[in-house]
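First comes the structure, then the notes that go with it.
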Amino acid sequence: MKTLIIGATGYVGSRIAQTFLSHGSETYGLARNDKNKEALSAAGITPFEGDLAAVSKLAGRLDGFDTLVFAATIPFEDEQKTISEVLGAFAKPGRSLIFISGSGVVSTPARDGAWNDYTAAEDSPYPFEPMRNRKVRLVTEKLISDAASSGLRSFILRPPLIWGHAGSIQVPQLFESARKTGSVCYLGQGLNLYSHIHVDDVALVSRLAFEKGTPGSIYHLVAGEVNFRSIAEAIGEVTGCPTRSLSYEEAVELWGAAWVDLGLAVNSRVRSPKTRTDLGWTPTHVDLIEDIRNGSYKQAYDAAMKSGYLQSYSWGAHG
Ligand SMILES: NC(=O)c1ccc[n+]([C@@H]2O[C@H](COP(=O)([O-])OP(=O)(O)OC[C@H]3O[C@@H](n4cnc5c(N)ncnc54)[C@H](OP(=O)(O)O)[C@@H]3O)[C@@H](O)[C@H]2O)c1
C-alpha cells in the first residue's frame, strides 16, 4: 500500500505518518520546501514534492497512491477548492481518503465563558447557524462524504482539542498568556467546555478508519472534556502564576480575534458512539490535566525555563 500524508510535517499529520509507516505502508509526506524534505527524511517518511498552493499540478500526480490522508491547515475556502480538485483526480473505487476536520464545525459560541448543554454525536442534528467559516468546512465534509458513492473509501475525522507531546493549539496559548501577562488567562467564567483527544489517538483512529471504517462516515474522536478554567489552574500550578479571568475584548487583545472566536470563546462538546462501535476503539490516553501538571507540558515548561523561556521561548505546535 502506498500512502501520501498531506500535512506530514504538522503536529497531527506527523503522528499519522508514523502510524501508517509502522503498519507497513509505503509512506510519503507532501513537502513544499527543503526544510520539509529534511524533516520528513529524518523521520523515515519519503518526501513527495508539492504545494497545495498549486493543487492542480499536485492532483495530476496522485495516481500512484492508494491512500491519501489530508491533515494540512489552510484557510477553509482554499481547503474546499483543494479538496474538490483532489477528489476530481483521486476518487476512484478501492482508494481511501481520510480527512482531518475538527469539532469546530459543531461548536457553539460562549463569549462569556459559560457552560452549554449541547453535545454532538456523529449523526446528531446541529440545530444552530454554523459559526463563521465553519459553514464552508461543513460543505467540504459533505463533498468528501458524497464521494463514497463513487467507490472512494472516504472518512471524515472530527477531533476536538488535540493534546499530547506538549503540543496543541489551546494549551500552549494559555502558557503563553502567563509569559506575556504574569497570569494564566481564561475567558469570562472559564466554564466553557472543549472535548479533547490525545494526538496519538488521532493517529490510531486514522488507521482504524482506514482498516475497518464505513465509507462516507464522520467519526468523532473523544477521550473526555475539560473547561478552560481547569486548564488554566493546572498551568498555574506548573508556572506558579495566578489565574485571571478576561473579558472577551481583553481576550481578543491578548490572543487575536481569529483564535479567540475559533478556539476559546466556544463550547465544543462532542461524543463518539459511532467511532467506538464501528472501529472498536477506546481512547488510550484520557487525562489532559495530568499531562499538564506532571507530563509532557510540565517537562516542556521546565526545559524551556532552563533555556531562557521567559525571554524568548515560544511554544511550538509540535511540543
Ligand atoms: N491541532 C489541533 O488541536 C487540531 C484540533 C482539531 C482539528 N485539527 C485539524 O487538524 C489538521 C492539522 O492540524 P495541525 O494542528 O496538525 O496543523 P499544523 O501543525 O499547523 O500543520 C499543518 C500542516 O499543513 C501543511 N501545509 C500548510 N500549508 C500548506 C501548503 N500550501 N502546501 C502543503 N502543505 C501545507 C504544513 O506544512 P509546513 O510544515 O510546510 O508548514 C503542515 O504540515 C487541520 O485540519 C486542523 O483543522 C487540529
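Just so you know, residue 1 is the first one in the sequence shown, and it goes up from there. For ligands, and for the atoms within them, numbers begin at 1 and follow the listed sequence. The figures here come from the full heavy-atom set of this structure, side chains too, leaving out hydrogens, waters and symmetry mates. What you are looking at is a predicted structure, and each value in this text was computed from that prediction instead of being measured.
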Problem - 4.5 Å side-chain heavy-atom contact, Pro47 and Tyr28 - result: no
For the residue pair Phe70 and Ile100, establish whether any side-chain heavy-atom pair is separated by less than 4.5 Å. no
May I ask you to check if ligand 1 and [X] share an N or O to N or O distance below 3.5 Å?
| X | value |
| --- | --- |
| Thr73 | yes |
| Pro159 | no |
| Asn33 | no |
| Leu30 | no |
| Gly13 | no |

Please work out, at 4.0 Å between heavy atoms, whether the side chain, the backbone, both, or neither of [X] comes within that distance of ligand 1.
| X | value |
| --- | --- |
| Ile6 | neither |
| Thr9 | both |
| Ser101 | backbone |
| Pro160 | backbone |
| Ala72 | both |
| Leu52 | both |
| Arg137 | side chain |

Salt bridge or not between [X] and [Y]? Use side-chain N to carboxylate O under 4.0 Å.
| X | Y | answer |
| --- | --- | --- |
| Asp302 | Lys306 | no |
| Glu77 | Lys81 | no |
| Glu237 | Lys298 | no |
| Lys35 | Glu38 | no |

List ligand 1 atoms under 4.0 Å from [X], heavy atoms only on the residue side.
| X | result |
| --- | --- |
| Asn36 | 38 (P), 39 (O), 40 (O) |
| Ile74 | 28 (N) |
| Ile162 | 2 (C), 3 (O), 4 (C), 5 (C), 6 (C), 48 (C) |

Sorted by chain and number, sequence neighbours left out, ring pair (Phe, Tyr, Trp, His ring centres under 6.0 Å) with Phe48 holds for Phe65
Ser168 heavy atom under 4.0 Å from ligand 1:
no
Open item on the list: For a quick check under 3.5 Å, do Ser101 and Glu141 share a side-chain donor-acceptor pair by atom type?
Closed with: yes
side-chain contact (heavy atoms from CB on, under 4.5 Å) test vs Ile74 passes for just one of Ile6, Val55, Thr82, namely Thr82
Side-chain donor/acceptor of His220 to backbone N/O of Ala120, under 3.5 Å: yes
